[in-house]
Protein chains: 2
Amino acid sequence: MGIKKEIVDRFKNVLKKENLKFTNQRFLVFSALLTNEGHFDCDDLIRIINKKDGNVSRATAYRTLDLLVKYDFARKMVLDDGIAKYENKILSKHHDHMIDIETDEIIEFVNDEIERIQEEIAKSHGYKIVKHVHQLFVKKIK
Amino acid sequence: MGIKKEIVDRFKNVLKKENLKFTNQRFLVFSALLTNEGHFDCDDLIRIINKKDGNVSRATAYRTLDLLVKYDFARKMVLDDGIAKYENKILSKHHDHMIDIETDEIIEFVNDEIERIQEEIAKSHGYKIVKHVHQLFVKKIK
DNA sequence: ATTATTGCAAATCCTTTGCAGTACC
DNA sequence: GGTACTGCAAAGGATTTGCAATAAT
């Protein structure tokens, strides 16, 4: 159930490199994100942590999340509501989302051709893709 | 330099339909967005308006922008900094966005093949696309 | 011991809202 | 004259920050 030792070590190395200490709070935020699937805002994660393991303040959670994003353990995404959502970037397979605007049902999809063309577009402008958001808001055909 | 009468009329009709009045402030916000190309936050637009035509308060600007988004005159986009950006949706051809995460520069792109595959994916699940968000967060290749 | 870390509360930033005065029909 | 509109200033909500107490090495 735990996180692979290799990943935890990677986290420890990042901390060392940044002259930061490996504290329980930082580990709790790190674990909350890496052992749960989905998109969480800061308070979701704090709730998850408080439910079983301990306590982390919002200040610390945000500070740690910034760090996780900076070192590619987490992906940050802000939709139109302006609330930052974070998701596991290490263990989750990539996928995009199709959202049924009438039922809120979420269907995942991946299309290699789209992935390939995206990369090509970025490259042709001299860029490489760091992350992307691709969401189809859809409606059932009657 | 003006906006096509047809578009202004469409705006007037929306206002009528919503029991709202066609006021100078609403028209200034509407014009600021529809006669400028680019992605603007609320204060950008207020600055544009104040520079030549008059004054609009932030409250009114936000209220009008909501309306413009609701009726498809404007597109709203929120990136990781949490600041809402608005762009002309009427006069600009459909496009997606590539965002340089180091400079915040926004580059537009369109790819017919991606558009086609998207539709196909939705259709194969029995859906049609109402709108979509496709953003590539990129980084210059050194 | 020394240096970084934490949590709190205050501060910030963008955005929304209540309200009193103003403008529109 | 009666509604709807505006701008102000205050309120809101998410995130950040200063600081004194606390924990890690």
Side-chain angles (χ1 to χ4, degrees), chain A residues 8-9 11-33 39-50 53-71 74-87, chain B residues 8 11-33 39-50 53-71 74-87 104:
Chain A
V8 178
D9 284 346
F11 183 51
K12 286 182 177 168
N13 286 336
V14 159
L15 293 175
K16 198 162 292 171
K17 180 183 155 189
E18 286 266 345
N19 254 313
L20 300 174
K21 287 165 183 170
F22 181 76
T23 65
N24 193 46
Q25 286 91 330
R26 287 195 174 120
F27 183 66
L28 288 173
V29 175
F30 169 84
S31 300
L33 199 71
H39 300 73
F40 308 101
D41 63 32
C42 184
D43 275 18
D44 291 333
L45 291 168
I46 287 174
R47 230 171 286 121
I48 289 172
I49 292 167
N50 288 349
D53 306 296
N55 275 75
V56 172
S57 70
R58 249 185 222 109
T60 297
Y62 276 116
R63 285 188 277 238
T64 305
L65 286 167
D66 281 349
L67 192 69
L68 295 176
V69 169
K70 177 173 178 190
Y71 284 96
R75 193 180 286 133
K76 178 181 178 180
M77 181 188 327
V78 181
L79 301 185
D80 283 4
D81 59 8
I83 300 171
K85 297 276 196 334
Y86 300 87
E87 68 172 320
Chain B
V8 177
F11 183 52
K12 285 182 177 168
N13 286 335
V14 159
L15 293 174
K16 198 162 291 171
K17 181 182 156 190
E18 287 267 346
N19 253 314
L20 300 174
K21 286 165 184 170
F22 181 74
T23 65
N24 192 47
Q25 286 91 330
R26 285 194 175 122
F27 183 64
L28 287 174
V29 175
F30 168 85
S31 300
L33 199 70
H39 306 76
F40 308 102
D41 63 31
C42 184
D43 275 19
D44 291 334
L45 291 168
I46 287 175
R47 231 171 287 123
I48 290 172
I49 293 167
N50 289 349
D53 306 296
N55 276 75
V56 172
S57 69
R58 249 184 221 107
T60 297
Y62 275 116
R63 286 188 276 236
T64 305
L65 286 168
D66 281 350
L67 192 69
L68 295 177
V69 169
K70 178 173 178 190
Y71 284 96
R75 193 181 288 131
K76 177 181 178 181
M77 181 183 351
V78 181
L79 303 184
D80 283 5
D81 58 8
I83 300 171
K85 299 275 195 335
Y86 301 87
E87 67 172 321
D104 289 338

query = Between Val69(A) and Asp80(B), is any pair of side-chain heavy atoms under 4.5 Å apart?
reply = no
request  = Indicate yes or no: does Arg63(B) engage Asp66(B) in a salt bridge with an N to O separation below 4.0 Å.
outcome  = no
query = Under a 4.5 Å cut-off applied to non-hydrogen side-chain atoms, are Leu67(B) and Phe30(B) in contact?
reply = no
query = Are any of Gln25(A)'s side-chain N or O atoms less than 4.0 Å away from OP1 or OP2 of dA23(D)?
reply = no
task = Measure from CG on Leu20(A) to C1' on dT25(D) and round the result to the nearest Å.
result = 14 Å
remark   = Checking dA24(D), dC5(D), dG7(D) against the side chain of Ala59(B) (C-beta onward), the nearest is dG7(D)
Whole-Å gap separating C1' (dT3(D)) and CG (Asn19(B)) = 10 Å
message = Could you tell me the boundaries of the chain B footprint on DNA chain C, defined by atoms under 4.0 Å from its heavy atoms?
response = dC14(C) to dC24(C)
key: Whether Asn50(A) side chain and Arg47(A) backbone form a donor-acceptor pair below 3.5 Å   = no
ask   = Between dG7(D), dG18(D), dT16(D), which one does the side chain of Arg63(A) approach most closely?
value = dG18(D)
ask   = Leu65(B) CG to dT6(D) C1': how many Å, rounded?
value = 15 Å
request  = Tell me what Asn55(A) touches on the nucleic acid: a base, only sugar-phosphate, or nothing, going by heavy atoms under 4.0 Å.
outcome  = sugar-phosphate
task = With DNA chain C as reference, determine whether Tyr62(B) or Ser57(A) sits nearer its 5' end, using the nearest nucleotide of each.
result = Ser57(A)
query = Over how many whole Å does the gap from Phe22(A) atom CZ to dA23(D) atom C1' extend?
reply = 15 Å
key: Whole-Å gap separating C1' (dA4(D)) and CG (Leu67(B))   = 14 Å
query = Heavy atoms under 4.0 Å, any strand shown: does Arg26(A) hit a base, just sugar-phosphate, or nothing?
reply = sugar-phosphate
Pair up each side-chain donor or acceptor in residues 18-29 of chain B with any protein partner under 3.5 Å, not counting sequence neighbours, and list the distances.
residue, atom, partner, partner atom, Å
Glu18(B), OE2, Lys70(B), NZ, 2.9
Glu18(B), OE2, Tyr71(B), OH, 2.3
Thr23(B), OG1, Arg26(B), N, 3.2
Arg26(B), NH1, Lys21(B), O, 2.8

query = Just how far, in rounded Å, is P of dA14(D) from CG of Asp66(A)?
reply = 17 Å
request  = Evaluate side-chain contact (heavy atoms from CB on, under 4.5 Å) for Tyr86(A) paired with Leu68(A), printing each intermediate quantity in order.
outcome  = CA-CA 10 Å; Tyr86(A) 300 87; Leu68(A) 295 176; over 6 Å; no
key: Whole angstrom value for the distance that separates C1' of dA10(D) from CZ of Arg58(B)   = 14 Å
ask   = Side chains of Arg58(B) and Asp43(B): does their closest heavy-atom pair fall under 4.5 Å?
value = yes
task = Quickly work out the Ile83(A) CD1 to dA14(D) P distance and round it to whole Å.
result = 5 Å
